[in-house]
Amino acid sequence: MARKIWKPGNMLYPVPAVMVTVGDSNINNIITIAWAGTVNSDPAMVSISVRKSRYSHGLLMKHKEFVINLVTKKLAYAMDYCGVKSGRDVDKFKEMKLTRGKASAVSAPIIEESPVNIECKVKDVISLGSHDMFLAEVVAVSVDEKYLDEKGSFDLEAANLIAYSHGKYYTLGEKVGKFGYSVRKKQTNKKYTRQKNKTKKDK
């Protein structure tokens, strides 16, 4: 199979598209970020990468706190707007008719229309070149109750979350399995074979 080699670049797609809120109750902003991810489970930690030239970068350096707000299909337009407009020029909450909510553990506001708000406190800032990476510990998570199923679990399909891939936004597609299903499938087949063999012996 023929392969074409490109110069080094960021081709890790798809990635989550999120709106990150920064600042405090007086001065705050929303920045759209595709470079956000989980980096540790205990304690729960995440990272976001932000250019030094961004308005939100200064607010992040000042407060060392932020909120990752997950984005639904309904919020996609607002998310894109918040990624191309600067908080130096416009109040993105006002322009996109989004509601500032009070976070439970950080100074930055939450976006109440978001299904999940992940409150974070920065533990380290790593300068990488074009971007600074903010490593942060998750200190609180709030979830809109309308997205919880009868068991109290978060229903991803109902939320219709957005992913970003090479300049385009997508909703999540068809479910093809769940964690560990490849192993459970084999175990199920083995169990079925044992039961079948036992039945033959009993006969």
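- D132 CG to S47 OG: the interatomic distance, rounded to the nearest 0.5 Å, is 12.5 Å.
- Taking a 4.5 Å side-chain heavy-atom cut-off between Ile, Leu, Val, Met, Phe, Trp and Tyr, the cluster of V67 extends to V106, I110, V139.
- Between M61 and K64, the closest heavy-atom pair is O-CE, 3.3 Å.
- The aromatic rings of Y13 and Y164 sit perpendicular, their planes meeting at an angle over 60°, well past the 30° parallel limit.
- At least one side-chain heavy atom of E157 sits less than 4.5 Å from a side-chain heavy atom of K175.
- Between the S107 side chain and the D24 main chain, no donor and acceptor come within less than 3.5 Å of each other.
- At a cut-off of 3.5 Å, with distance as the only test, a side-chain donor of K52 or S127 sits close to an acceptor on the other residue.
- Residues V71 and Y77 share a single hydrophobic cluster, defined by chaining ILVMFWY side chains whose heavy atoms lie under 4.5 Å apart.
- Tested against I111 for a side-chain contact (heavy atoms from CB on, under 4.5 Å), the candidates I30, V20, T99 yield a single pass: I30.
- D149 is linked by a side chain to side chain contact (heavy atoms under 4.5 Å, CB included) to K151, S153, counting only residues two or more places apart in sequence or in another chain.
- Scanning for ring-ring contact (aromatic ring centres under 6.0 Å, His included) contacts around H57 gives F134, with sequence neighbours left out.
- Using a 4.5 Å heavy-atom threshold, the side chains of P14 and Y170 count as separate.
- In terms of the salt bridge (charged side-chain N to carboxylate O under 4.0 Å, His left out) criterion, D124 has no residue partners (sequence neighbours excluded).
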Residue pair R184, K178: steps toward the side-chain contact (heavy atoms from CB on, under 4.5 Å) verdict
CA-CA 10 Å; R184 283 193 289 271; K178 62 180 181 178; 3.7 Å; yes
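- Rounded to the nearest 0.5 angstrom, Y81 OH and M96 CE are separated by 5.0 Å.
- Contact between A36 and P16 at its shortest, heavy atoms only, is O-CG, 3.7 Å.
- Applying the salt bridge (Lys or Arg N to Asp or Glu O under 4.0 Å) test to residues at least two apart or on different chains, none of the pairs has a partner in residues 71-86.
- When all heavy atoms are compared, the tightest approach of M19 to M79 is SD-CA, 3.6 Å.
- In the hydrophobic clustering of ILVMFWY residues, with side-chain heavy atoms under 4.5 Å counting as a link, L172 and I68 come out together.
- Side-chain N/O atoms of N28 and T21 include no donor and acceptor closer than 3.5 Å.
- Here the closest heavy-atom approach between residue V15 and residue A34 is recorded as CG2-O, 3.4 Å.
- Between atom NZ of residue K146 and atom CG of residue D155 there is a gap of 12.5 Å, rounded to the nearest 0.5 Å.
- To the nearest 0.5 Å, the span separating OG on S114 from OH on Y147 amounts to 8.5 Å.
- Side chains of M133 and W35 form no contact here, defined as non-hydrogen atoms less than 4.5 Å apart.
- A donor-acceptor pair under 3.5 Å is absent between the side-chain atoms of N29 and the main chain of V22, judged by distance alone.
- Counting heavy atoms of neighbouring residues, nucleotides and ligands inside a 6.0 Å radius, atom CG of L128 exceeds 12 of them.
- When side chains are defined from C-beta on, F66 does not count as touching S56, because their heavy atoms never get closer than 4.5 Å.
- For E95, the CD atom counts as densely surrounded, since its 6.0 Å shell holds more than 12 non-hydrogen atoms of other residues, nucleotides or ligands.
- By the 4.5 Å heavy-atom criterion applied to side chains, V46 and C120 are counted as neighbours.
- Taking hydrophobic clusters as Ile, Leu, Val, Met, Phe, Trp and Tyr residues chained together by side-chain heavy-atom distances below 4.5 Å, V125 shares a cluster with L59.
- Put simply, the side chain of L75 reaches to within 4.5 Å of the side chain of L98, judged on heavy atoms.
- I48 is not connected to V39 by any chain of hydrophobic side-chain contacts under 4.5 Å among Ile, Leu, Val, Met, Phe, Trp and Tyr, and they are in different clusters.
- Summarising the geometry of A103 relative to A108, their closest heavy-atom pair is CB-O, 3.3 Å, with the distance given to 0.1 Å.
- Side chains of T72 and I162 form no contact here, defined as non-hydrogen atoms less than 4.5 Å apart.
- Here E137 pairs with K123 under the salt bridge (charged side-chain N to carboxylate O under 4.0 Å, His left out) rule; sequence neighbours left out.
- Annotation: the span from M45 atom CE to K121 atom NZ amounts to 13.5 Å, rounded to 0.5 Å.
- Note that the NZ atom of K102 and the OG atom of S25 stand 7.0 Å from one another [nearest 0.5 Å].
- Looking only at side-chain heavy atoms (C-beta outward), V116 and N69 stay at 4.5 Å or farther from each other.
- Listed here is the closest heavy atom pair of L60 and E65: CD2-O, 3.8 Å.
- Y169 and V18 fall into different hydrophobic clusters, where Ile, Leu, Val, Met, Phe, Trp and Tyr side chains are chained together by heavy-atom contacts under 4.5 Å.
- Judged by distance alone, the side chains of N117 and S142 do bring a donor and an acceptor atom under 3.5 Å apart.
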